[in-house]
Amino acid sequence: MEKLLIVDGNSILNRAYYGIRILTAPDGTPTNAVYGFLNILYKYLEEEKPDYLCVAFDVKAKTFRHKMYDLYKAQRKPAPEDFLAQIPLIKEVLAAMNCACIEKEGYEADDLIGTVSLLCEEKGIECRILTGDKDDLQLASENTVIKLVVTRMGQTTTTDYGRQEVEQKYGVTPEEYIEVKALMGDASDNIPGVKGIGEKTAFSLIQEYKSIDAIYDRLEELNVSPSVRKKLTEGQSNALLSKKLSVIDRHVPLDYDFASFRIQKPNLSVLRPLFLRLNFQSFLRRLPAETAGEDNGIEKIHAELKRIEENRLSAILKPDEHWSYVLDWKEGAPALYFTADGKTVFGVSDISRAGLQTFFSDADIWKCGYNVKEDLLKLHNLDIQFCGIGFDIMLAAYLAEPTRSGYDLGTLCSAYLHVQLEDAALHVEEDGQLTMDFGSGNKENRQIVADRVSAVFALHSYFAEKLEKDGQHTLYYDIELPLAEVLADMQETGVYVDKEALSQFGKTLSERITGLTSEIYEQADEEFNINSPKQLGVILFDKLKLPGGKKNKNGYSTNAEVLGRLAGKHPVIDLILEYRKLTKLQSTYVEGLLPMIDLKTGRIHSNFNQTVTATGRISSTEPNLQNIPVRTELGREIRRMFIAEGDRCLVDADYSQIELRVLAHISGDKTMQEAFVNHLDIHAQTASQVFGVPIEQVTPAMRSRAKAVNFGIVYGIGAFSLAQDLHIPIKEADAYIKGYLQHYPLVDAYMKKTVEDARTNGYVSTLMGRRRYMPELRASNRNVQAFGERVAMNAPIQGTAADIIKAAMVRVYARLKSEKLKSKLILQVHDELIVEALPDETDRVKQILREEMENACKMNVPLEVDLHSGKSWFDTK
DNA sequence: TCGACCTGCAA
DNA sequence: TATTGCAGGTCGA
């Protein structure tokens with residue numbers, strides 16, 4: 001038996017719109033609903049494998065229902081703009097897929113669906129209706145199944161309703177379902193129903209009497225309460241009207257030939273460019289592979305590969321050329337591919353160390369790569385210097401769009417050049433490495449790599465120009481690009497760890513954890529998994545009956561804040577808090593760090609990522625060395641294990657209040673600037689302002705509150721959260737914020753202006769021209785918008801601070817190098833730099849750190865650096 | 001085995 | 001209903 005799938009276009013698009021986070025094409029077109037729609041469509045095409053497919057849409061014009069009842073759907077709020085914009089877009093996509101879209105003036109999608117499903121019944125074709133709207137349940141039959149879509153937490157699921165399922169679930173037949181709806185009405189469509197009759201009564205009435213007509217035929221005999229009878233009497237005309245409105249018209253004169261619903265192949269020459277434009281990578285991958293000679297209108301990257309012998313390298317490499325390259329390790333031994341024109345790619349397989357040196361160690365040979373930091377590390381393993389770094393595609397793409405989730409070459413080609421890098425979909429890139437399945441049918445590795453070199457070349461032209469146009473030249477060439485080398489060096493150097501001491505600390509923790517575990521079991525009077533918040537919640541709130549009910553969707557919340565409020569109510573609480581503290585240290589910082597210690601060097605080589613954060617900060621992984629405990633006494637012990645090797649020492653330099661200084665500078669607020677210019681205690685100063693007392697009368701409590709406000713302001717805090725943070729009434733918190741903005745009026749003005757600028761420009765910028773695009777501000781969801789506003793206020797501050805410390809790192813690195821010091825920069829923790837210094841260089845290193853950090857950026861307020869040194873990180877406080 | 005979720009660590 | 005990150009554990013698909 002053949003099968004047809006008909007989709008309620010508006011309904012599914014709507015579900016997709018609200019179910020999916022904000023998503024935009026590179027040109028700013030909102031695409032989340034279209035993306036979600038296609039995901040749902042593809043999913044059910046695969047699941048149902050229909051022979052026919054069509055998508056029904058509503059038409060804007062009034063329908064016969066409006067003529068019947070002019071209030072029909074009258075209360076509907078107009079859909080958000082970025083939703084409406086996607087309706088023509090999905091139709092464009094469906095047209096390119098050669099999928100029939102049907103619509104008819106005067107009718108709704110439901111009527112078309114009803115008509116098509118009836119046609120199916122007549123033709124003996126199975127019909128599946130994909131919709132988010134329960135109204136269609138009236139169409140269910142043995143042959144017609146409604147697939148009702150529910151989107152929850154990003155997941156799409158459907159429940160299938162045939163005749164049986166409707167009867168089972170609702171206790172009425174599909175035909176009777178219309179009667180129920182007519183009785184109870186439908187607020188969303190403004191169908192009146194009978195006033196006072198709700199869902200329950202409507203269902204029981206229809207279950208008993210089957211139809212509205214039957215009810216009114218024998219109204220006086222009905223076995224109902226007088227009040228229900230009264231309501232029915234008064235609502236008779238509304239009931240009849242509602243039924244007319246609710247019933248789907250299954251006899252719409254269709255202007256479409258049923259045969260045109262038969263599934264056809266997509267029009268690739270239209271669909272592929274469209275998906276490229278929308279940057280739908282996952283859908284591009286679904287499209288059938290191109291056959292040879294097929295002209296699909298898309299330019300493909302293709303390089304002519306010339307394999308050469310290593311001894312010809314010097315002859316080919318002219319220093320006045322710009323060389324785009326890829327260093328490939330796929331075939332076991334390194335291979336070098338490079339091009340000067342993007343068309344001819346030279347390839348040297350099995351290249352020797354000397355060959356690599358010819359290319360990489362010559363500063364006169366200008367080189368453009370992709371993820372240069374990785375190449376630096378690989379070459380350093382062979383003890384080869386990498387000089388003449390001219391450009392890095394990945395870093396440029398990061399500046400162009402720091403919120404991207406990844407920067408693989410194929411994606412960048414489609415997103416920015418609208419050109420396809422062939423086989424891009426078949427391989428996965430990790431840290432810029434090419435890993436792929438060389439199964440049959442693929443092009444051979446060499447050609448793929450050659451094409452990648454060509455892509456690097458093309459992207460360089462594009463991004464070099466874009467950086468100029470966007471005013472990011474200095475940020476790129478003076479900060480990000482040289483920083484790659486600094487980070488590679490830091491990664492390579494690593495930080496020395498006292499493995500024995502760390503292990504010993506772990507043993508001590510283990511003993512205490514064992515003891516705590518049995519104490520907790522004793523108090524709970526049973527054994528359970530303390531690490532499971534779910535089980536813990538049951539113990540605390542069900543078994544021990546502690547107050548403080550549910551919070552999250554899995555049940556009870558048991559985080560430190562909740563437990564803290566419970567402290568004193570039961571002895572187990574303190575034990576659990578202690579248990580949590582110790583197991584955190586044990587699992588994350590002892591068991592997590594120990595295996596990361598390089599056996600040869602005794603050091604941990606964390607990965608410093610340059611293209612991860614939305615604001616310009618660096619991130620650290622495997623392990624993350626930017627979140628080593630410091631706030632609690634016991635946690636801080638971990639820092640004793642990070643030590644300088646041999647007779648060296650650690651020098652720690654951290655910026656004092658860098659974000660507030662940035663705020664004082666970019667807002668232009670004189671009061672705040674003065675505090676910094678005069679080297680005053682900014683939190684005490686703020687307290688004095690907000691509480692209206694002289695500075696010498698500021699109590700520690702006042703200062704600590706002011707400090708919280710200072711922090712909060714930077715994050716775009718609201719009164720609610722400040723109140724929660726400080727455990728004070730919202731009103732009071734609100735007064736603090738108001739007072740703050742009153743005393744720092746230009747901070748207030750800055751916040752407002754930044755958000756306004758972000759709305760008009762679509763992005764915010766840091767002092768050095770780093771951007772963050774803010775599509776959130778154009779979202780229809782209030783929460784998303786409010787989030788966007790906070791981000792708009794915070795990103796320039798956090799981002800400028802990131803710019804500054806990055807500049808400082810480049811300067812410190814250059815100074816250490818130019819002064820031929822052996823001391824090494826080893827860590828960066830957002831506002832803090834750590835150098836492992838030789839004994840006779842320590843004083844010089846301190847001087848360099850202070851000079852280069854304090855002068856990294858000229859602002860209207862001074863930058864101040866606190867310096868400490870010691871044998872371990874613990875000692876540098 | 002993988003992803004969602006909760007929790008907690010840092011600036 | 002405060003920004004930016006990373007990671008470990010549990011639990012269910």
Side-chain angles (χ1 to χ4, degrees), chain A residues 152-155 157 402-403 528-537 551-563 576-577 579-593 596 606-609 612-632 634-636 638-639 654-660 663 708-726 730 733-734 737 764 772 782-799 801-802 805 827-833 873:
Chain A
R152 248 201 323 239
M153 296 176 279
Q155 294 289 42
T157 51
T403 46
F528 64 103
N529 186 344
I530 312 171
N531 290 326
S532 164
K534 197 175 160 189
Q535 294 183 36
L536 180 61
K551 243 191 161 180
N552 56 44
K553 60 189 100 170
N554 275 341
Y556 301 108
S557 171
T558 64
N559 62 31
E561 202 198 316
V562 171
L563 295 186
I576 288 165
L577 285 170
Y579 175 90
R580 284 252 175 100
K581 199 166 93 180
L582 299 187
T583 50
K584 173 78 181 179
L585 291 174
Q586 178 75 303
S587 63
T588 305
Y589 297 105
V590 177
E591 288 167 353
L593 289 177
M596 307 302 293
S606 170
N607 186 30
F608 292 102
N609 310 292
V612 167
T613 72
T615 51
R617 279 185 173 184
I618 284 162
S619 89
S620 155
T621 55
E622 294 175 286
N624 180 1
L625 293 185
Q626 292 179 319
N627 70 343
I628 302 301
V630 69
R631 291 172 194 186
T632 67
L634 187 67
R636 190 178 271 222
I638 296 286
R639 296 193 169 211
D654 69 289
Y655 279 117
S656 151
Q657 309 295 350
I658 187 165
E659 290 192 346
L660 283 176
L663 176 60
V709 181
N710 271 326
F711 269 98
I713 289 288
V714 170
Y715 300 143
I717 197 177
F720 181 94
S721 310
L722 181 64
Q724 204 158 43
D725 187 27
L726 292 177
I730 296 183
D734 190 53
I737 295 175
V764 291
R772 173 163 179 185
R782 285 171 48 103
N783 291 328
V784 175
Q785 253 198 50
F787 172 74
E789 288 170 13
R790 292 194 296 273
V791 167
M793 293 187 264
N794 171 264
I797 302 171
Q798 192 183 113
I805 194 157
L827 285 174
Q828 187 254 40
V829 193
H830 309 307
D831 64 355
E832 170 186 16
L833 293 181
W873 201 358

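Each chain gets a letter, A, B and so on, in the order its sequence line appears, and its residues count up from 1.
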To the nearest angstrom, how far is [X] atom [atom1] from [N] atom [atom2]?
X        : N      : atom1 : atom2 : answer
A:Asn559 : B:dC9  : CG    : C1'   : 14 Å
A:Ile737 : C:dT1  : CD1   : C1'   : 11 Å
A:Gln586 : B:dG8  : CD    : P     : 17 Å
A:Arg580 : C:dT10 : CZ    : P     : 12 Å
A:Leu663 : C:dT3  : CG    : P     : 17 Å
A:Ile717 : C:dT3  : CD1   : P     : 9 Å
A:Asn624 : B:dG8  : CG    : C1'   : 12 Å
A:Leu827 : C:dG5  : CG    : C1'   : 16 Å

* **Residues A:Arg772 and A:Thr613: side-chain donor-acceptor under 3.5 angstrom** =>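 Short answer, no.
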
Kindly point out which of [options] is positioned nearest to the side chain of [X]?
X        : options              : value
A:Thr588 : C:dT10, C:dC6, C:dG8 : C:dG8
A:His830 : C:dC6, B:dG8, B:dA11 : B:dA11
A:Phe720 : C:dT1, B:dC9, C:dA7  : C:dT1
A:Ser532 : C:dT10, C:dG5, C:dC6 : C:dT10
A:Asp831 : B:dC9, C:dC6, B:dA11 : B:dA11

With distance as the sole criterion, do the side chain of [X] and the base of [N] form a donor-acceptor contact below 3.5 Å?
X        : N      : result
A:Gln798 : C:dT3  : yes
A:Arg631 : B:dA10 : no
A:Asn627 : B:dC9  : yes

* To do: Verify, without hydrogens or angle tests, whether A:Thr583 (side chain) and A:Arg580 (backbone) share a donor-acceptor contact under 3.5 angstrom.
  =>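 At least one qualifying donor-acceptor pair exists.
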
* Asked: For the side chain of A:Asn609 and the backbone of A:Val612, is there at least one donor-acceptor N/O pair under 3.5 Å apart?
  ->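 Not confirmed, A:Asn609 side chain does not pair with A:Val612 backbone.
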
Pick base, sugar-phosphate or nothing for [X], based on heavy-atom distances below 4.0 Å to the nucleic acid.
X        : result
A:Ile628 : sugar-phosphate
A:Asn783 : nothing
A:Ala719 : nothing
A:Arg772 : sugar-phosphate
A:Thr558 : sugar-phosphate
A:Ala795 : nothing
A:Glu659 : nothing
A:Lys534 : sugar-phosphate

* Side chain proximity check, A:Thr621 to A:Phe608, heavy atoms < 4.5 angstrom ->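 Not in contact.
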
* Just wondering, do A:Arg636 and A:Arg631 contact through their side chains at under 4.5 Å, heavy atoms? ->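 Side-chain contact under 4.5 Å: no.
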
* Asked: From A:Asp654 CG over to A:Ile805 CD1, what is the distance, rounded to the nearest 0.5 angstrom?
  ->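 So the CG of A:Asp654 and the CD1 of A:Ile805 are separated by 9.0 Å.
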
* Asked: What's the spacing between A:Leu563 CG and A:Thr558 OG1 if we round to 0.5 Å?
  ->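 It comes to 5.5 Å.
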
State whether [X] places a side-chain N or O below 4.0 Å from either non-bridging phosphate oxygen (OP1 or OP2) of [N].
X        : N      : value
A:Asn529 : C:dG9  : no
A:Ser557 : B:dT7  : yes
A:Gln535 : C:dC11 : yes
A:Thr613 : C:dT4  : no

* Asked: Yes or no on salt bridge (Lys or Arg N to Asp or Glu O under 4.0 Å) for A:Glu591 and A:Lys584, after CA distance, side-chain angles and deciding distance?
  -> CA-CA 10 Å; A:Glu591 288 167 353; A:Lys584 173 78 181 179; over 6 Å; no

* Go through the structure and list residues passing ring pair (Phe, Tyr, Trp, His ring centres under 6.0 Å) with A:Tyr556, not counting sequence neighbours. =>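 Once residues adjacent in sequence are excluded, the partners of A:Tyr556 under the ring pair (Phe, Tyr, Trp, His ring centres under 6.0 Å) criterion are A:Phe541.
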
* A:Val630 vs A:Trp873, side-chain contact (heavy atoms from CB on, under 4.5 Å): CA-CA, chis, key distance, verdict -> CA-CA 10 Å; A:Val630 69; A:Trp873 201 358; over 6 Å; no

* Evaluate the side-chain contact (heavy atoms from CB on, under 4.5 Å) criterion for residues A:Leu660 and A:Val714: first the C-alpha distance (whole Å), next the side-chain angles of each, then the deciding distance (0.1 Å), finally the verdict. => CA-CA 8 Å; A:Leu660 283 176; A:Val714 170; 4.0 Å; yes

* To do: With a 4.0 Å heavy-atom cut-off, tell me which residues in residues 708-716 of chain A come close to DNA chain C, sorted by residue number.
  =>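 Listed by number, they are A:Phe711, A:Gly712, A:Tyr715.
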
* List in numerical order all residues of residues 785-794 of chain A for which some heavy atom is under 4.0 Å away from an atom belonging to DNA chain C. =>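 Per residue number, the list reads A:Phe787, A:Arg790, A:Val791, A:Asn794.
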
* Let me know, please, whether A:Ser587 or A:Pro402 comes out on the 5' side of the other along DNA chain C by nearest nucleotide. =>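 Its nucleotide being nearer the 5' end, the pick is A:Pro402.
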
* Asked: Quick one: do A:Glu659 and A:Arg617 make a salt bridge, cutoff under 4.0 Å?
  ->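 A:Arg617 and A:Glu659: salt-bridged.
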
